[in-house]
Amino acid sequence: MTATKTIRQQLEATVRAALARAFPEQEELRLELSRPREKAFGDFATNAAMVAGKKLGLNPMDAARKIVEEIEVPSPLIASVDIKKPGFINIEVARSAYLEKLREIATFPDDTRYGMAPTGRGKKVQVEFVSANPTGPLNVVSARAAAVGDALVRLLRRTGYDVRSEFYINDSGTQVELLGESLKARFRQALGEKCEIPEGGYPGEYLTEAAEEIVPEKMLQSLAQALESPAGGTDDAAERERAAGFLPALEDEREHIDRFLEDTIAANPDERRNKRTYFDDYFAFREALEPEHVSLWMPLYVCHLSSLGLTFTGDMLDRLVWIERFRSYLRAQRVEGITVEDGGMMSAGRVFLGELVEGVGFDFSRFAVAEIVRTQQASLERFYGPVETLRAKLGVAPGEGLRFDSWFRESSLKHDVDEMLRTLLSDGRFVVEKEGAVWLKGGDEEDANEWVMRRSTGQPTYFLSDIAYHVNKRKRGFEQVIDIWGPDHHGHVGRMQTAMKVVSHVLPDLEIGEDWLRVLIAQQVNLIKDGSRVQMSKRSGEYVTLDDMVSEVGADVARFFFLMRRCNSHLDFDVDLAMKTSEENPVYYVQYAHARISSILEFARQNGYREIPPPLADLALLAAEEELEVIRTLAGFDELVRVSALALEPHRITTYLVDLAGKFHRFYHNHRVVTDDRALSDARLYLCFAVRSILRSALSLIGISAPDSM
RNA sequence: GCGCCCGUAGCUCAGCUGGAUAGAGCGAUGGCCUCCGGAGCCAUAGGCCGUGGGUUCGAAUCCCGCCGGGCGUACCA
């Protein structure tokens with residue numbers, strides 16, 4: 001598969017060559033090639049004569065005549081050339097050039113790669129987006145960033161960049177500590193205690209669910225029941241079986257733990273040894289016990305926590321001590337006559353769990369972050385396709401949602417952060433120390449701002465850590481970094497740009513150029529429901545999540561809506577409209593065109609058209625205005641992809657899709673495709689096929705499904 | 001106060017990096033199914049592109065000043 005030049009590129013080369021021949025002494029000019037709105041002015045117009053005329057002090061009309069003399073007309077590319085009033089050169093593209101593009105589209109082997117271009121030249125680019133704080137489910141702005149970022153990644157990939165997507169997890173700092181405190185409160189509540197969510201914490205319901213993960217209710221029940229029989233075991237066969245079934249098979253557990261060891265702690269050999277020892281001990285312990293000893297539950301429980309990637313302050317012996325303590329604790333409770341019936345055993349178990357979790361130094365923040373990141377990942381993976389209720393009807397398989405190439409943890413940057421600060425301090429040119437804190441200042445006079453990097457408490461700020469993070473990106477070899485941030489970060493853009501400029505002076509070897517970092521702001525989304533805005537606030541715990549959107553309007557509609565607007569403009573998303581009038585939706589309009597073509601092609605196949613697209617179709621028969629409109633639009637697609645990627649504006653693809661679908665519907669309405677006229681039918685089937693290819697190509701660029709029937 | 005984003009049809013937004021007579025969807029009104037998919041098509045109405053200057057052959061687009069809306073402006077992230 002090779003990429004050919006777009007028609008615009010071909011024309012530009014031709015005009016430049018003509019210009020160079022007409023005015024050999026003139027160096028390269030910044031000439032423009034635009035598409036006139038008015039059809040009478042041709043397909044393209046160039047201001048070459050006006051620009052050149054001005055430079056050389058010539059009348060633009062005369063310059064235009066000189067240039068036009070040097071353009072070969074007619075040629076396979078250009079049908080005719082015309083000079084208009086101030087000095088425009090209007091170019092009519094030859095039909096052969098359009099038909100050539102049409103052929104290229106229809107014969108291109110892979111629709112999901114059509115439009116590929118060498119523009120990026122394998123440049124190593126990172127797109128970082130969503131990067132929501134791990135303090136709750138993904139909200140609407142995250143959904144928007146996800147749609148835009150994913151489309152951008154696909155767009156850049158299509159145009160020859162070596163792109164990696166990244167999600168940055170802010171898993172350290174005050175907010176995360178607060179999150180841990182909040183989870184701890186929920187945990188206490190789950191144990192039956194009265195406990196308030198701390199001031200400024202996170203009252204959302206999702207933490208209750210996470211807390212219940214820590215205290216699996218059924219484990220407690222099972223445990224309490226088992227302890228009703230003498231010596232913590234049971235003679236009842238059914239009960240024994242149930243108890244045994246409560247544990248995973250030994251081999252399964254081993255496999256699970258091995259995988260855990262590989263994934264989570266491979267990076268740190270010391271940690272690995274500790275864990276390995278712990279698990280070996282655990283297995284030894286476990287194998288020594290009879291299956292019906294349900295008190296085995298406790299090591300299982302400890303293991304369960306470990307498998308979630310949590311660290312413990314104690315070692316295995318400590319845990320065994322705890323387990324022993326638990327047994328005697330429960331026995332003691334038994335002696336005092338506590339039974340399952342009065343709920344005493346349950347609460348005894350709860351109290352003990354509370355103590356255990358405190359005793360092993362359970363890290364609530366880490367657990368909460370791990371838990372939330374997991375749900376965020378799951379949400380993103382579901383971010384594809386039509387709404388669930390239509391999925392079967394539209395015949396779309398659950399496709400791959402959004403997967404990031406990497407998830408980067410802020411907590412892994414500790415070393416980089418320290419080093420960054422040391423480097424800046426020893427350089428000295430851009431730092432100020434005052435009021436016990438360390439500040440960064442811009443280099444030049446016009447940027448007199450100063451920002452704290454290290455607090456007087458000695459703690460680094462988010463700003464410093466973000467500088468270190470971006471330097472880390474550069475060190476990983478990215479030649480260009482694109483960040484998509486939420487609206488609350490837009491004040492951060494300026495100082496980050498300043499910081500990168502500073503870094504380029506302090507660490508010149510990194511070669512951080514002026515536009516190495518490009519930041520897009522995914523602006524605010526106002527959800528309109530029942531005609532009024534839905535208020536969103538993390539603090540109140542009430543907001544519309546990505547999951548809500550996917551289940552209510554579907555990922556296709558959500559993505560399309562987000563990509564219909566430039567990402568830096570505010571957006572009113574009318575949820576009622578998106579659902580209520582879903583039949584009038586632009587998404588369905590576009591998808592309908594796709595399904596319609598599939599249906600036509602199927603109809604043709606059943607009526608004796610064996611090969612589609614018909615290889616011998618005479619495309620010159622496509623001469624109706626509606627057909628030419630469609631062809632011109634198709635022929636412009638590769639150029640659109642190129643320009644959208646350069647401008648980092650994926651929303652242009654959706655605009656294009658609506659336009660193309662409209663032109664196709666118009667064509668369809670005025671011309672029957674399959675008729676008695678075999679030659680004409682062949683040509684029109686060819687056209688239909690090409691339209692479908694481009695629809696697929698464009699839809700795949702923005703991550704939206706292309707159903708064959710609806 | 002300073003900085004960033006946004007003002008285009010009743011509503012929500014495009015407008016291809018400065019081009020010629022301003023573009024969609026929704027909403028309104030009126031038409032089109034013996035026929036490959038009517039989730040479609042056609043027509044009508046709706047605009048001083050917030051406003052005043054500037055740059056030039058030419059501005060919705062670039063620059064400056066106002067006016068309106070939103071958001072930043074923490075030793076939060």
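Numbers restart at 1 for each chain; the letters A, B, ... are given by sequence-line order, proteins then strands.
- Here the separation of B/A20 from B/G58, taken at their P atoms, is 14 Å to the nearest Å.
- Using a 4.0 Å heavy-atom criterion, one finds that A/Leu571 contacts the sugar-phosphate atoms exclusively.
- Ionic pairing of A/Asp418 and A/Lys414 is not present here: no N-O contact between side-chain nitrogen and carboxylate oxygen is shorter than 4.0 angstrom.
- Remark: A/Arg495 does not engage A/Glu450 in a salt bridge, criterion side-chain N to carboxylate O under 4.0 Å.
- Dashed line: the shortest gap from a side-chain N or O of A/Tyr592 to OP1 or OP2 of B/A39 is under 4.0 Å.
- Of the candidates B/U17, B/G40, B/C75, B/U17 carries the atom nearest the A/Arg8 side chain, counting heavy atoms from C-beta on.
- Checking B/G47 for Watson-Crick or G-U wobble geometry (two distances, each under 3.5 Å) identifies no partner in any strand.
- At the heavy-atom level, A/Glu435 lies under 4.0 Å from base atoms of the strands shown.
- B/C57: glycosidic angle beyond 90° from 0, hence anti.
- B/U55 and B/G68 have their P atoms separated by 28 Å, with the value rounded to a whole Å.
- The NE2 atom of A/His651 sits 13 Å away from the C1' atom of B/A24 (whole-angstrom rounding).
- Rounded to whole Å, the C1' atom of B/A60 lies 14 Å from the corresponding atom of B/C6.
- Side-chain contact check for A/His594 and A/Arg696: at least one donor-acceptor pair (N or O, by modelled atom type) lies under 3.5 Å.
- Checking B/C36, B/G40, B/C57 against every side-chain atom of A/Val673, the shortest atom distance belongs to B/C36.
- Listed nucleotides B/A77, B/A24, B/G40 differ in distance to A/Val658; the shortest reach to its side chain belongs to B/A24.
- At whole-Å resolution of the value, CG in A/Asp488 and P in B/A77 are 13 Å apart.
- At a cut-off of 3.5 Å, with distance as the only test, a side-chain donor of A/Ser411 or A/Asp171 sits close to an acceptor on the other residue.
- Residue-level contact check: A/Ser599 touches the bases, meaning some heavy atom is under 4.0 Å from a base atom.
- Atom-to-atom, CG of A/Asp659 to P of B/C41 comes out at 12 Å; the value is rounded to the nearest Å.
- Between A/Arg566 and B/U17, a side-chain N or O to OP1/OP2 separation shorter than 4.0 Å is absent.
- Among the heavy atoms of the strands, none lies under 4.0 Å from A/His594.
- When distances are taken from the side chain of A/Lys84 to each of B/A20, B/C76, B/C32, the shortest belongs to B/A20.
- B/G72 is paired with B/C2 under the Watson-Crick or G-U wobble criterion, all donor-acceptor distances under 3.5 Å.
- For A/Asp682 (side chain) and A/Pro614 (main-chain N/O), no donor-acceptor pair under 3.5 Å exists by modelled atom type.
- Place A/Ile89 and A/Trp439 on RNA chain B by their nearest nucleotides, and A/Ile89 ends up nearer the 5' end.
- Contact between the side-chain N/O atoms of A/Arg454 and the OP1/OP2 oxygens of B/C75 is not found at any separation under 4.0 Å.
- For A/Arg642 and B/C16, the shortest distance from a side-chain N or O to OP1 or OP2 is not below 4.0 Å.
- Using atom P as the reference point in both B/C62 and B/U17, the two lie 12 Å apart (nearest Å).
- Two residues, A/Leu646 and A/Ala437, neighbour RNA chain B, and the one matched to the more 5' nucleotide by heavy-atom proximity is A/Leu646.
- Between A/Lys473 and A/Glu128 there is a salt bridge, since at least one side-chain N of the basic residue sits less than 4.0 Å from a carboxylate O of the acidic one.
- A salt bridge links A/Glu12 with A/Arg16: the closest approach of a Lys/Arg side-chain nitrogen to an acidic carboxylate oxygen falls below 4.0 angstrom.
- Counting to the nearest Å, the P atom of B/G40 and the OH atom of A/Tyr668 are 13 Å from each other.
- Between B/C33 and B/C11, the two P atoms lie 35 Å apart (nearest whole Å).
- With a glycosidic angle more than 90° from 0, B/U73 adopts the anti conformation.
- Within 4.0 Å of A/Val643, counting heavy atoms only, lie sugar-phosphate atoms of the nucleic acid but no base atom.
- Among the protein residues, A/Arg672 comes within range of the nucleic acid bases, having at least one heavy atom under 4.0 Å from a base atom.
- In the set B/A77, B/C57, B/C41, B/C41 carries the atom at the smallest distance from any side-chain atom of A/Tyr589.
- Taking a pair to require two hydrogen-bonding distances under 3.5 Å in either a Watson-Crick or a G-U wobble arrangement, B/G40 pairs with B/C32.
- Contacts of A/Ala595 with the nucleic acid, taken as non-hydrogen atoms under 4.0 Å apart, include base atoms.
- Across all strands shown, A/Phe603 has heavy atoms under 4.0 Å from sugar-phosphate atoms exclusively, and none from any base.
- The C1' atoms of B/G15 and B/U56 are separated by 22 Å, rounded to the nearest whole Å.
- Judged by Watson-Crick or G-U wobble contacts below 3.5 Å, the nucleotide B/G23 has B/C13 as its partner.
- For the pair A/Glu629 and A/Arg666, the salt-bridge criterion is not met [side-chain N within less than 4.0 Å of a carboxylate O].
- Using atom P as the reference point in both B/U61 and B/G7, the two lie 11 Å apart (nearest Å).
- Across B/C26 and B/C42, the matching P atoms stand 12 Å from one another, rounded to whole Å.
- Using a 4.0 Å heavy-atom distance criterion, A/Asn90 is classed as a base contact.
- The distance between atom CZ of A/Phe88 and atom P of B/G18, rounded to the nearest whole Å, is 14 Å.
- With hydrogens and angles left out, the side chain of A/Ser456 and the base of B/C75 share a donor-acceptor pair within 3.5 Å.
- Using modelled atom types, one finds no donor on one side chain facing an acceptor on the other under 3.5 Å when comparing A/Asp483 with A/His489.
- The side chain of A/Ser709 lies closest to B/G37, out of B/G25, B/G19, B/G37.
- In this structure, the NE2 atom of A/His665 is 6 Å from the C1' atom of B/G40, given to the nearest Å.
- Pairing partner, B/U56: none, since no Watson-Crick or wobble contact has both distances short of 3.5 Å.
- Using a 4.0 Å heavy-atom cutoff across all strands shown, A/Ala647 reaches at least one base atom of the nucleic acid.
- Note: CZ (A/Arg692) to P (B/G37) measures 14 Å, nearest angstrom.
- Atom CZ of A/Arg565 and atom C1' of B/C5 are 16 Å apart (whole Å).
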